[in-house]
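Right, one structure below, let's go through it.
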Amino acid sequence: MRFVIIGAGRVGLRTARVLRDEGHEVTLVERDEPRVRRARNQDFQVVVGDGSREDVLEDAGADEADALGALTGDLNANFAACMIANHYGCRTVMRIDEDYRENIYRKYADEVDEVIYPERLGAMGAKNALLGGTIRAIADIAQSLQIVELTITDDAPVRGYTISELELPANATLLAFGKRDGVLEIPTADESLETGDRLVVLADFDVLSDVRQILVGESPAVAAANAGSGGVN
């Protein structure tokens with residue numbers, strides 16, 4: 001998937017790293033020269049400029065991106081970037097600082113796909129918001145391992161199977177299972193997999209797309225389309 005991240009500060013750069021480590025294409029937009037240098041020293045593509053300007057976002061490829069994350073500390077700039085990105089049809093995620101009042105939060109939340117508080121969520125939460133869809137990262141265990149939570153959909157190839165019939169790739173392990181709106185527990189062999197059920201899986205990055213296909217039924221192209229249209233978790 002292709003992402004544009006506005007802001008190469010602490011939140012933006014960490015989010016970009018997590019996305020890139022999973023094989024996604026990331027372009028950063030930043031106007032602060034030291035931050036630009038730092039991002040480029042980490043081999044990121046950086047467009048220098050104001051992320052609230054349409055011409056800058058076009059240079060960054062926002063018109064072809066699956067999602068845009070406005071992750072600067074400037075609320076007005078973040079909101080402007082998301083409004084421009086809305087016209088391109090990509091998913092929009094906006095950072096808002098925790099000290100804003102609830103009524104201000106609601107005002108902005110109605111205009112974007114998701115609002116995040118980086119003080120609470122960090123880079124992992126920002127990445128989940130950008131990806132959207134039915135797969136949610138919980139933790140990065142090592143450079144090549146991640147724990148993810150997936151939700152069974154109507155299109156999942158394993159819908160109707162039992163846990164004992166589930167066959168995951170060699171580098172993926174089922175850790176927990178929960179029925180729709182139920183608590184996550186240690187899976188039992190005779191539990192059936194139905195729409196809305198959740199599974200927590202430890203998987204190597206290399207097999208995450210295979211795990212998604214098995215448990216969710218989404219190809220990478222479909223996942224990108226869902227994220228671009230504002231799919232929800």
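We're numbering straight along the sequence, starting at 1.
R95 and L75 get closest at one heavy-atom pair: O-CD1, 4.2 Å. Closest approach of T92 to A85, counting heavy atoms only: CG2-CB, 3.7 Å. In plain terms, the two heavy atoms of N78 and M94 that are nearest each other are CB-CG, 3.6 Å. Heavy atoms only, all atoms of each residue included: L57 and A81 are closest at CD1-O, 3.9 Å. Among all heavy-atom pairs drawn from L68 and A62, the shortest one is CD1-CB, 4.3 Å. Listed here is the closest heavy atom pair of L150 and V201: CD1-CG2, 4.1 Å.
L199 CG to T151 OG1: the interatomic distance, rounded to the nearest 0.5 Å, is 8.5 Å. Expressed to the nearest 0.5 Å, how far CG of L71 lies from CD1 of I96 amounts to 13.0 Å. Summarising the geometry, atom CD1 belonging to I5 is positioned 11.5 Å from atom OG1 belonging to T72; distances are rounded to the nearest 0.5 Å. The CD atom of E22 sits 11.0 Å away from the CE atom of M1 when rounded to the nearest 0.5 Å. Annotation: the span from R91 atom CZ to C82 atom SG amounts to 10.5 Å, rounded to 0.5 Å. Summarising the geometry, atom CD1 belonging to I214 is positioned 12.5 Å from atom CZ belonging to R212; distances are rounded to the nearest 0.5 Å.
Considering only heavy atoms from C-beta on, V112 stays 4.5 Å or farther from V93 through its side chain. Within the 4.5 Å cutoff, no side-chain heavy atoms of T15 are placed close to those of F3. In this structure the side chain of Y88 reaches within 4.5 angstrom of the side chain of E54, judged on heavy atoms. Between E111 and M83 there is a side-chain heavy-atom pair separated by less than 4.5 Å. Considering only heavy atoms from C-beta on, P187 comes within 4.5 Å of I163 through its side chain.
For Y161, the OH atom counts as loosely surrounded, since its 6.0 Å shell holds 12 or fewer non-hydrogen atoms of other residues, nucleotides or ligands.
Under the salt bridge (Lys or Arg N to Asp or Glu O under 4.0 Å) criterion, D55 pairs with R53, sequence neighbours left out. Here R2 pairs with E25, E64 under the salt bridge (Lys or Arg N to Asp or Glu O under 4.0 Å) rule; sequence neighbours left out. With sequence neighbours excluded, no residue forms a salt bridge (Lys or Arg N to Asp or Glu O under 4.0 Å) with R40. Residues passing the ring pair (Phe, Tyr, Trp, His ring centres under 6.0 Å) test with F79, sequence neighbours excluded: Y108.
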Using residues 27-37 as the side-chain source, report each donor-acceptor pair under 3.5 Å to any protein atom, sequence neighbours left out, with the distance given to one decimal.
residue : atom : partner : partner atom : Å
E30     : OE1  : A8      : N            : 2.7
E30     : OE2  : D32     : N            : 2.9
D32     : OD2  : R35     : N            : 3.2

Under 3.5 Å, which donor-acceptor pairs do the side chains of residues 166-179 form with other protein atoms, sequence neighbours left out?
residue : atom : partner : partner atom : Å
K179    : NZ   : S192    : O            : 3.1
K179    : NZ   : D197    : OD2          : 2.8

Evaluate the side-chain contact (heavy atoms from CB on, under 4.5 Å) criterion for residues C90 and D66: first the C-alpha distance (whole Å), next the side-chain angles of each, then the deciding distance (0.1 Å), finally the verdict. CA-CA 5 Å; C90 64; D66 296 299; 5.9 Å; no
Begin from the C-alpha positions of L208 and V148 and carry the test side-chain contact (heavy atoms from CB on, under 4.5 Å) through to its verdict. CA-CA 9 Å; L208 276 177; V148 296; 4.0 Å; yes
Step by step, work out the side-chain contact (heavy atoms from CB on, under 4.5 Å) result for Q42 and R17. CA-CA 9 Å; Q42 296 181 32; R17 286 196 209 105; 2.8 Å; yes
Could you go through the side-chain contact (heavy atoms from CB on, under 4.5 Å) check for R159 and I152 one step at a time? CA-CA 7 Å; R159 189 169 68 90; I152 299 292; 4.3 Å; yes
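Side-chain contact of D50 with S52: a donor-acceptor pair under 3.5 Å is present, judged by distance alone. Looking only at atom types and distance, the side chain of D190 has no donor-acceptor partner in the side chain of T162 under 3.5 Å away.
When atom types are taken as modelled, the side chain of H24 and the backbone of L19 share no donor-acceptor pair closer than 3.5 angstrom. T153 places a side-chain N or O within donor-acceptor distance of the main-chain N or O of V216, the cut-off being under 3.5 Å.
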